[in-house]
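Input: a single structure, listed below in C-alpha coordinates.
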Amino acid sequence: MLTDEILKRTQIQLGEFGARVTSRPDIVIRRGKGPAEGYRVFVQRNAVIVEGNDERGVLFGIGRLLREM
(Lines give C-alpha, C1' and ligand atoms only; values in the text may rest on other atoms or scores of the structure.)
Protein backbone atom coordinates (compact mmCIF):
# COMPACT_ATOMS: atom_id res chain seq x y z
CA MET A 1 0.00 0.00 0.00
CA LEU A 2 2.75 2.47 0.93
CA THR A 3 4.74 2.00 -2.29
CA ASP A 4 1.58 2.35 -4.43
CA GLU A 5 0.50 5.56 -2.68
CA ILE A 6 3.98 7.09 -2.92
CA LEU A 7 4.10 6.30 -6.64
CA LYS A 8 0.64 7.80 -7.17
CA ARG A 9 1.39 10.99 -5.24
CA THR A 10 5.03 11.64 -6.18
CA GLN A 11 5.73 9.57 -9.33
CA ILE A 12 8.65 7.98 -7.40
CA GLN A 13 8.96 4.20 -7.60
CA LEU A 14 10.51 2.76 -4.46
CA GLY A 15 13.09 0.02 -4.83
CA GLU A 16 12.89 -3.53 -3.56
CA PHE A 17 13.30 -4.21 0.15
CA GLY A 18 16.98 -4.45 0.94
CA ALA A 19 18.09 -2.70 -2.28
CA ARG A 20 20.32 0.24 -1.43
CA VAL A 21 20.12 3.50 -3.37
CA THR A 22 22.51 5.95 -1.77
CA SER A 23 21.05 9.12 -3.30
CA ARG A 24 17.62 8.67 -1.67
CA PRO A 25 16.62 8.27 1.95
CA ASP A 26 15.26 4.95 3.16
CA ILE A 27 11.76 4.54 4.55
CA VAL A 28 11.84 2.14 7.49
CA ILE A 29 8.68 0.75 9.07
CA ARG A 30 9.12 -0.88 12.46
CA ARG A 31 7.39 -1.68 15.73
CA GLY A 32 7.73 0.63 18.70
CA LYS A 33 6.75 0.48 22.36
CA GLY A 34 3.94 2.41 23.96
CA PRO A 35 0.17 2.70 24.05
CA ALA A 36 -2.05 0.99 21.50
CA GLU A 37 -2.50 2.80 18.17
CA GLY A 38 0.42 5.12 18.92
CA TYR A 39 3.09 5.97 16.35
CA ARG A 40 6.10 8.19 15.65
CA VAL A 41 7.42 9.49 12.35
CA PHE A 42 10.94 10.88 12.48
CA VAL A 43 14.20 11.21 10.54
CA GLN A 44 17.35 9.40 11.64
CA ARG A 45 20.52 9.70 9.55
CA ASN A 46 19.44 9.07 5.94
CA ALA A 47 16.13 7.37 6.78
CA VAL A 48 12.53 8.27 7.51
CA ILE A 49 11.33 6.02 10.34
CA VAL A 50 7.66 5.12 10.82
CA GLU A 51 7.39 3.41 14.19
CA GLY A 52 3.99 2.03 15.20
CA ASN A 53 3.18 0.50 18.57
CA ASP A 54 0.80 -2.04 17.02
CA GLU A 55 -0.68 -2.81 13.60
CA ARG A 56 -3.09 0.15 13.71
CA GLY A 57 -0.29 2.43 14.89
CA VAL A 58 1.82 1.42 11.89
CA LEU A 59 -1.13 2.14 9.58
CA PHE A 60 -1.75 5.54 11.20
CA GLY A 61 1.96 6.39 10.94
CA ILE A 62 2.04 5.51 7.24
CA GLY A 63 -1.05 7.65 6.71
CA ARG A 64 0.65 10.57 8.43
CA LEU A 65 3.77 10.15 6.30
CA LEU A 66 1.67 10.13 3.12
CA ARG A 67 -0.21 13.28 4.17
CA GLU A 68 3.06 15.06 4.93
CA MET A 69 4.53 14.06 1.56
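Closest approach of Val28 and Ala47 over heavy atoms only: CG2-CB, 4.3 Å.
For Arg31, the side-chain hydrogen bond (donor to acceptor under 3.5 Å, both in side chains) criterion is met by no residue, not counting sequence neighbours. Residues forming a side chain to side chain contact (heavy atoms under 4.5 Å, CB included) with Gln44 (at least two apart in sequence, or on another chain): Arg30, Phe42, Ile49. In terms of the side-chain hydrogen bond (donor to acceptor under 3.5 Å, both in side chains) criterion, residue partners of Glu37 (sequence neighbours excluded) are, by chain and number, Arg56. Residues satisfying the side-chain hydrogen bond (donor to acceptor under 3.5 Å, both in side chains) test with Lys8, not counting sequence neighbours, are Glu5.
By the 4.5 Å side-chain criterion applied to Ile, Leu, Val, Met, Phe, Trp and Tyr, Leu7 is assigned to no cluster and stands alone.
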With a 3.5 Å cut-off and sequence neighbours excluded, list the donor-acceptor pairs that the side chains of residues 60-69 form with protein atoms.
unit_1 : atom_1 : unit_2 : atom_2 : d
Arg64  : NE     : Glu68  : OE2    : 3.0
Arg67  : NH1    : Gly63  : O      : 3.3

